[in-house]
Amino acid sequence: MQTTQSEVSADTIDLALGHPSPALLPLELLREASARRLRQEDRSCLQYGYEQGDLRFRAQLARFLSWGYAAEVSPEELFISGGVSQALDLICTLFTHPGDRVLVEEPSYFLALRIFTDHGLRIGGLATDRHGLVPEALRESLRKTRPAMLYTVPTHHNPAGTTLPADRRERILELCREHGVLLVADEVYHLLTFAGAPPPPLGSFAGSGGVLSLGSFSKILAPGLRLGWIQGARPLLRRLATCGFLDSGGGLAPFTSAVVGGLLERGTQETHLRKLRGIYGSRARTLVAGCSKLLGVAEEPPAGGFFFWGRLPGIADTEALLPEARAAGVTFVPGSRFSTLGGQREFLRLSFSYYEEPQLEEGVARLAEAARRFRPPGKGP
Ligand SMILES: Cc1ncc(COP(=O)(O)O)c(C=O)c1O
């Protein structure tokens with residue numbers, strides 16, 4: 001059976017895929033780290049785990065995040081999750097009721113929208129611009145409705161690639177606090193910044209309450225590990241750690257976190273992350289240079305993350321281009337998939353995480369060929 005997360009066809013260049021390249025999955029590092037952990041006599045990682053996550057692992061993770069975020073993170077404000085998706089699902093279970101409203105960016109990460117729908121939540125889209133969520137749109141919405149939470153991807157947004165400036169982060173936080181709205185920040189791409197440093201993650205404000213910041217090893221190590229974290233104030237984490245699910249099954253991923261803890265301890269994760277930043281940054285530039293040359297796109301390469309979001313001159317609805325693109329041996333995600341308001345039709349999302357540069361160039365050439373056949377005469381670049 002093919003699923004949303006694992007569909008890869010051999011003769012198509014699938015620029016929809018948000019997976020790391022197989023060659024970037026660190027098999028050797030994990031083989032060594034698992035063997036090192038299994039040679040120890042300590043069997044605690046094979047036992048039911050402590051609900052909030054193993055303390056030693058949380059200390060290792062806190063040190064890694066303090067380095068990555070350039071801001072102090074304490075083990076007490078970390079809860080170990082099975083990745084961002086699992087964390088979101090648990091947050092919905094514990095902090096929302098069916099029929100509640102959740103506010104999201106327009107456009108937003110479409111698979112998070114599916115999790116909200118599973119929980120019977122009503123989704124409200126908020127305006128964004130090239131700097132991300134517009135605080136005024138949030139203020140206006142909060143004047144009229146009382147949502148259970150705001151879900152945002154503040155840094156290297158999926159799909160839009162935007163990063164919220166520091167002043168907007170503070171304003172959004174202030175508005176959520178004023179209205180008693182839980183702010184759920186999906187910061188899964190924060191550490192994947194190609195150059196420089198983004199503004200402090202919303203996790204940095206978690207200590208004073210009202211914020212849950214979600215992170216994951218999916219993009220910086222391997223998605224198959226299903227390992228991540230939630231950063232938040234203690235009362236919020238206590239609610240997570242005392243739920244029935246953990247009461248019955250214990251803390252999440254005790255074995256995986258013991259293995260990954262070894263990589264954090266030895267600085268291997270840091271080295272691997274630096275390598276990924278270089279590779280993905282270069283791929284992003286190659287992809288966008290091709291799009292600019294062959295397709296006439298005007299957008300700049302993204303500064304981090306996995307995706308390029310852009311418009312193709314002369315194409316008003318990228319969904320309509322898909323059959324032609326498939327026939328040319330390339331696919332992408334049309335912008336409409338990310339919209340809660342039936343918009344974003346002129347955009348498309350291209351991923352540069354899965355393919356190496358020559359294949360990305362070939363994918364763009366195929367897309368340009370498809371666009372050339374599809375466009376009305378005289379509407380091309
Ligand atoms: C914004 C965003 N959040 C969450 C995820 C999934 O994260 P995880 O593998 O930790 O569940 C993705 C993966 O594409 C993503 O783009």
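In listed order, ligands and their atoms are each counted from 1. Reckoned from all heavy atoms, side chains included, excluding hydrogens, waters and symmetry mates.
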Next item on the list: Could you tell me whether some N/O pair between Ser218 and ligand 1 is separated by less than 3.5 angstrom?
Entry: yes

Notebook entry, point to check: With atoms numbered from 1 as shown, which atoms in ligand 1 lie under 4.0 angstrom from a non-hydrogen atom of Lys219?
Noted result: 12 (C), 13 (C), 14 (O)

Next item on the list: Under 4.0 Å from a heavy atom of Asp186: give me the atoms of ligand 1 that qualify, with their elements.
Entry: 1 (C), 2 (C), 3 (N), 4 (C)

Notebook entry, point to check: Going by distance only, is there an N or O of Phe307 that falls short of 3.5 Å from an N or O of ligand 1?
Noted result: no

Note to self: Here's a test for you: under side-chain contact (heavy atoms from CB on, under 4.5 Å), which of Leu312, Thr318, Leu321, Leu322 qualifies with Phe374?
What the structure shows: Leu321

Note to self: Is the contact between Phe306 and ligand 1 made by the side chain, the backbone, both, or neither, using heavy atoms and a 4.0 Å cut-off?
What the structure shows: neither

Check: Hey, which atoms in ligand 1 end up nearer than 4.0 Å to a heavy atom of Asn158?
Finding: 1 (C), 15 (C), 16 (O)

Next item on the list: Could you list all the ring-ring contact (aromatic ring centres under 6.0 Å, His included) pairs where at least one residue sits in residues 332-351, not counting sequence neighbours?
Entry: Phe110-Phe338, Trp309-Phe338, Trp309-Phe347

Notebook entry, point to check: Do any pairs count as a salt bridge (Lys or Arg N to Asp or Glu O under 4.0 Å) and have a residue in residues 143-160, sequence neighbours left out, and if so which ones?
Noted result: Glu140-Arg143

Notebook entry, point to check: Given Leu150, which of Val104, Val102, Val184, Leu126 fulfils the side-chain contact (heavy atoms from CB on, under 4.5 Å) condition?
Noted result: Leu126

Next item on the list: Check each atom of ligand 1 against the heavy atoms of Ser216 and keep those under 4.0 Å away; list them by number with element.
Entry: 8 (P), 10 (O)

Next item on the list: Would you check if the distance from the ring center of Phe116 to the ring center of Tyr151 is below 6.0 Å?
Entry: yes

Next item on the list: Give the contacting part of Gln86 toward ligand 1: side chain, backbone, both or neither, where contact means a heavy-atom distance below 4.0 Å.
Entry: neither

Note to self: Name the residue from Glu106, Gln344, Arg345 that meets the side-chain hydrogen bond (donor to acceptor under 3.5 Å, both in side chains) definition with Ser339.
What the structure shows: Glu106

